Amino acid sequence: MTPPRTRPEGCLTDFAFDRRLAGELAAEEAAAATAHLATCPRCSARAEALLRARDAFAMAAPALCLPMKKATLRRLPASLYAGLAMAAAVLLFLEFRPQPELGTRAKGRGPRIDYYVSHADVVRHGVVADHVAPGDRIRFVVAATAATEVAILSVDGAKNVSVYYPSGTDSAAVAAGDGVALPESTTLDATLGDEAIYAVFCPKSFAVAPLRALLEAAPAGPLAVGNGCSVDVIRWRKDASLAP
Amino acid sequence: MLRRARRILGNEADAREVVQDVFEALLAHGASFRGESALTTWLYSATTNGCLNRIRNAKTRARLLDARNTPEVAASADAELTAIVRNLLSRVPPSLAAIATYYYADEMTQEEIACVLGCSRRHVGDLVDRLHACLRENEKTP
């Protein structure tokens with residue numbers, strides 16, 4: 001016997017609900033879904049049920065801890081590794097949202113990143129909706145109210161992930177201050193397009209490789225980190241027409 | 001993902017293992033998620049394939065398709081859908097298992113199925129026709 005399809009025409013599927021919760025619906029789709037939910041008892045009940053299930057799962061899941069120095073994923077006990085995967089599921093599910101427009105920054109009260117651009121031997125401060133060029137040199141500065149550990153990663157226009165700072169395998173310490181310049185500058189390569197720069201701050205030293213793996217798995221972000229850590233994001237567009 | 005795996009497998013422990021496998025793959029071989037599809041779409045596809053691969057394994061197939069739902073699944077609103085999935089998967093060949101799950105258990109639109117499978121809507125229509133033919137043939141078989 002062929003099973004019945006009971007979903008009334010026009011009602012949302014679970015796939016649509018999940019995409020809506022993840023912020024993946026296009027603006028028109030999202031507006032249509034919201035309008036439908038306002039008038040459909042079946043779909044509004046399903047939406048509430050899915051939200052309750054999501055909240056219950058989030059409450060039961062273990063907290064995600066960023067792997068600290070000398071504690072790689074493979075060395076974690078199996079139970080912790082399972083917890084990490086499950087928590088990653090929650091974080092990806094809860095935090096995957098449309099990305100801000102070019103030049104906007106993620107909100108937050110933690111440490112912040114800023115930068116200076118050296119273009120054709122002229123040094124300027126980074127600006128909102130910035131355009132940079134291949135060959136430009138970038139010098140990052142950090143503003144933090146307390147000493148912190150930092151790593152800076154980039155997802156370029158081709159979705160390639162790079163570590164801009166530090167050059168080693170672990171994060172680097174930065175003193176407290178309003179504008180502490182990092183000791184290394186970065187020369188931008190020839191890959192054009194929108195680029196997102198993720199500055200990750202934690203109170204303790206951490207390995208950079210797991211963060212890189214997370215961004216390679218989900219180049220559109222967001223980058224989820226553990227308790228006590230924070231992420232500041234800046235974006236620019238690399239434009240060949242500006243090349244010196 | 002866990003909800004989805006529970007629905008297909010009807011077993012909490014197996015569902016959690018599949019979810020863990022998907023995230024292990026995502027963390028270890030993230031390049032396979034190339035950002036060409038939205039993350040939810042990729043996760044739907046990976047979870048479904050993980051569950052169906054588990055069912056294809058001869059040792060687990062009988063256990064999963066013949067067993068009762070575990071308490072977590074039995075208590076969920078998806079228990080009836082799990083029964084539908086089990087019935088379908090016991091009647092269709094592996095090549096139609098995914099389309100059967102998406103079409104009857106998830107009741108996705110053909111556009112959504114095309115999105116998850118990464119194929120055209122016309123191909124989804126062909127798969128649905130083959131699925132219907134398979135189920136009709138199955139009904140004739142004593």
Side-chain angles (χ1 to χ4, degrees), chain A residues 1-26 45-46 49-50 52-54 57 60-61 73-74 78 81-90 92-93 95-96 98 155 158-161 210 212-221, chain B residues 1-7 16-17 19-45 47-48 76-78 80-81 83-85 87-88 91 100 102-109 111-113 115-116 131-132 134-136 138-139:
Chain A
M1 180 180 169
T2 303
R5 275 171 55 101
T6 58
R7 180 178 62 84
E9 187 68 28
C11 281
L12 301 180
T13 63
D14 277 7
F15 182 60
F17 279 120
D18 286 334
R19 290 182 64 219
R20 181 172 182 266
L21 283 172
E24 293 177 1
L25 291 181
R46 183 60 179 160
L50 290 175
R52 278 198 304 274
R54 184 193 70 173
F57 181 69
L73 288 175
R74 290 186 184 282
Y81 195 37
L84 176 65
M86 297 301 292
V90 175
L92 285 166
F93 184 65
E95 296 193 22
F96 193 76
V155 180
K159 307 301 180 194
N160 293 319
V161 179
R212 181 176 189 146
L214 284 171
L215 282 175
E216 286 173 340
Chain B
M1 292 175 66
L2 186 58
R3 181 187 79 233
R4 171 152 202 76
R6 278 176 183 152
R7 178 184 289 182
R16 286 183 178 269
E17 283 188 24
V19 171
Q20 180 177 340
D21 289 347
V22 170
F23 274 96
E24 277 189 26
L26 187 62
L27 291 170
H29 309 290
S32 67
F33 173 64
R34 292 171 297 192
E36 293 170 358
S37 61
L39 185 60
T40 301
T41 304
W42 189 89
L43 291 174
Y44 256 69
S45 173
T47 306
T48 305
S76 77
D78 286 341
E80 189 178 343
L81 286 169
I84 291 173
V85 173
N87 179 270
L88 278 170
R91 295 163 61 195
Y102 292 132
Y103 190 76
Y104 282 117
D106 299 315
E107 296 197 25
M108 283 185 181
T109 65
E111 289 88 346
E112 289 174 334
I113 297 172
C115 180
V116 173
L131 175 63
H132 287 159
C134 175
L135 291 172
R136 280 196 300 271
N138 189 273
E139 285 171 17

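Labels below follow one simple rule: chain letters A, B, ... track the order of the sequence lines, proteins then strands, and each chain is numbered from 1. Please read all numbers here as calculations on a predicted model, not as lab measurements.
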Please state whether the side chain, the backbone, both or neither of Val116(B) comes within less than 4.5 Å of a heavy atom of chain A.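 Contact with chain A involves the side chain of Val116(B) alone.
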
Heavy-atom distance under 4.5 Å to chain A: side chain of Leu131(B), backbone, both or neither?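 The answer is neither part of Leu131(B).
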
Within the distance-only criterion (no hydrogens, no angle test), does the side chain of Glu216(A) pair as donor or acceptor with the backbone N or O of Val161(A) below 3.5 angstrom?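 Not a single qualifying donor-acceptor pair exists.
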
Would a distance-only check, ignoring hydrogens and angles, find a side-chain to backbone donor-acceptor pair under 3.5 Å from Thr48(B) to Tyr44(B)?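 Yes, the answer is positive, given that a donor and an acceptor are paired below the 3.5 Å cut-off.
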
Among Glu112(B), Arg4(B), Arg7(B), find the residue that satisfies the side chain to side chain contact (heavy atoms under 4.5 Å, CB included) test when tested with Asp14(A).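 Passing option: Arg7(B).
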
When Gln20(B) is tested against each of Glu24(B), Arg16(B), Glu17(B) for side-chain hydrogen bond (donor to acceptor under 3.5 Å, both in side chains), which residue passes?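 Between Gln20(B) and the candidates, side-chain hydrogen bond (donor to acceptor under 3.5 Å, both in side chains) is satisfied uniquely by Glu24(B).
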
Check each atom of Ala16(A) against the heavy atoms of chain B and say whether the ones under 4.5 Å are side chain, backbone, both or neither.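 Both backbone and side chain.
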
